[in-house]
Chemist: 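If you scroll down you'll find the structure; I have some questions about it.
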Amino acid sequence: MNKIKQETLSEYKALLENKGASYDRLCLLFDEGTFVETGRFVKCATTEFDDAADNAFEGVVTGYGAVEGRLVFAYAQDFSRMKGAMSAAHAKKIVAVYDAALKAGAPVVAILDSAGAKVLEGVSALAGYGAIMKASAKASGIIPQIAIVAGNCTGSLATIASMADVVIGAEESGKYFVNSPIALKAKGMENAGSIKAALENGSIALSAACAGCAIKEAKKIICLLPSNNVEGTAYTETVDDPGRAITGDVAAELLDNASAIELSSAYGKDVKTVLGTVAGITVGVVSAAEALTPAGANKAAKFISFCDSFSIPVVTLVDCEGLTVTAEAEKAPFSAALARLAMAYASSTNAKVTVVTGKAYGQAYTLLGSKALGADVAFATEDAIISVMPTEAAVDFVYGEQILAADDPIAEKKAITDEWKTKVASPVAAARNGDIDDIIEKADVRYRVASALEMLSSKATGEIYKKHGNLPL
């Protein structure tokens, strides 16, 4: 009996020596010598239809280790083992990773590369996808989840990837689609399934040249995020001066040097969503320019919700001329996208600082982090223009008849426009109403934002408990 066990163990060890690309990828993710594999000997159930070659270990490697000294859990699908096919045992290993990560309060990184479900297992394989979806949904908002599309990510696996907080695609090897490429090409969608297409439709937040490059991007993001939703404000070391003056574009110069990671850059281009640090404090920056579109509103709403999940402060920079006016936007539907944005700001309890750096017209002013929607601190630069509508349109709407009746309509319009900018559209009017806390110089934006974030770093994210007040003597 002992001899049989020994031979079986030797066989297992021999098979495990043949490590695939998944181990190489995990070595790139984890600090050297820290990876600990879990579920090494798990094998899927076999049937009478299985080929002997299929009786290998599961096509996914799971475990934990350190990323820049922090505990992280991960699973990497291995295309060299049964093409990374999803089976019940495969799913069980992944669910076990989620269970352990939740107990430890640590992030999960998924490296995805699978040909699909193990057809011979039928419904059991499909149930495996469901079990992973449930585990991911349970972890959502508690621990960060990052998905890396390193190879084939198709069907239900693409759905699982989209449940992560950040999805990163490898341009060289990644494929990302729900329906089969054959079906998509039959519908004339030649580019479907490419990482570029996924970036453009918002399914993927970030891309990198290869799988190894994508893993390096994931490590950068992990270093910016807290490990879980109760860890509090995340800090990193920086040598950048908090008082550094802004000399040009506020959005480009606000964050600490080399800390910025822009997400979803190819989708909703009227809004930029960037992770980075200000004076070492991890923040999410929502920068709105031009006219707000439905895609931009949806992108901002998702990003704000993500930041709120882990108490990451949001800094909103507003230089927006209002809402876009197109038939496509109205069909989006536009109102639903704007409602999602309003709800994201209004329901979030993380620290929120808003700076109006230029134009802020109509709904765009209200929706983009106004104090009315819950901003803790709101600034405006001296040249900001805050108005119900663009100045020219407002003057024509209110004083159109007076301008036409004037002896010199051009001079009359200029005089009224100048007065409107000074008395109605200036940030002073908003500050007098309490909607703007201070009017600041553009050069001081970084310093004032850093100061506000430090003040808000201990902000309570829920209702403050009070038993009763203290009675006077």
Chemist: Hey, can you tell me if Phe310 and Phe306 have their rings parallel, tilted or perpendicular (30° and 60° cut-offs)?
Modeler: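 Rings of Phe310 and Phe306: perpendicular, over 60°.
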
Chemist: Mind jotting down which residue pairs meet the salt bridge (charged side-chain N to carboxylate O under 4.0 Å, His left out) criterion with at least one end in residues 368-385? Sequence neighbours excluded, please.
Modeler: Lys371-Asp437, Asp376-Lys459, Asp383-Lys442

Chemist: Distance-only check: which donor-acceptor pairs under 3.5 Å involve side-chain atoms of residues 294-301, not counting sequence neighbours?
Modeler:
unit_1 : atom_1 : unit_2 : atom_2 : d
Asn298 : OD1    : Arg340 : NE     : 2.8
Asn298 : OD1    : Arg340 : NH2    : 3.0
Asn298 : ND2    : Pro294 : O      : 3.3
Lys299 : NZ     : Ser264 : O      : 2.7
Lys299 : NZ     : Tyr267 : O      : 2.8
Lys299 : NZ     : Gly268 : O      : 3.4
Lys299 : NZ     : Val271 : O      : 2.7

Chemist: Where does the angle between the aromatic ring planes of Phe30 and Phe35 fall among parallel (under 30°), tilted (30 to 60°) and perpendicular (over 60°)?
Modeler: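 Geometry flag for Phe35 against Phe30: parallel rings.
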
Chemist: Does one side chain, of Ser265 or Lys269, offer a donor that lies under 3.5 Å from an acceptor on the other?
Modeler: no

Chemist: Considering residues, nucleotides and ligands other than Lys413, do more than 12 of their heavy atoms fall under 6.0 Å from its NZ?
Modeler: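 Above 12, so yes.
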
Chemist: State which residue, out of Asp435, Val388, Thr354, fulfils the side-chain contact (heavy atoms from CB on, under 4.5 Å) condition with Tyr365.
Modeler: Asp435

Chemist: Is a side-chain N or O of Thr273 found less than 3.5 angstrom from the main chain of Leu263, in a donor-acceptor match?
Modeler: yes

Chemist: Are Gln145 and Ser136 linked by a side-chain donor-acceptor pair shorter than 3.5 Å?
Modeler: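 Distance-only check passes for Gln145 and Ser136.
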
Chemist: With a cut-off of 3.5 Å and sequence neighbours excluded, list every side-chain donor-acceptor pair involving residues 316-331.
Modeler:
unit_1 : atom_1 : unit_2 : atom_2 : d
Thr316 : OG1    : Tyr345 : OH     : 2.8
Asp319 : OD1    : Lys359 : N      : 2.9
Thr326 : OG1    : Ala329 : N      : 3.0

Chemist: Do Lys103 and Asp99 sit within salt-bridge range, that is, some charged N less than 4.0 Å from a carboxylate O?
Modeler: no

Chemist: Side chains of Arg25 and Ile215: closer than 4.5 Å at any heavy-atom pair?
Modeler: yes

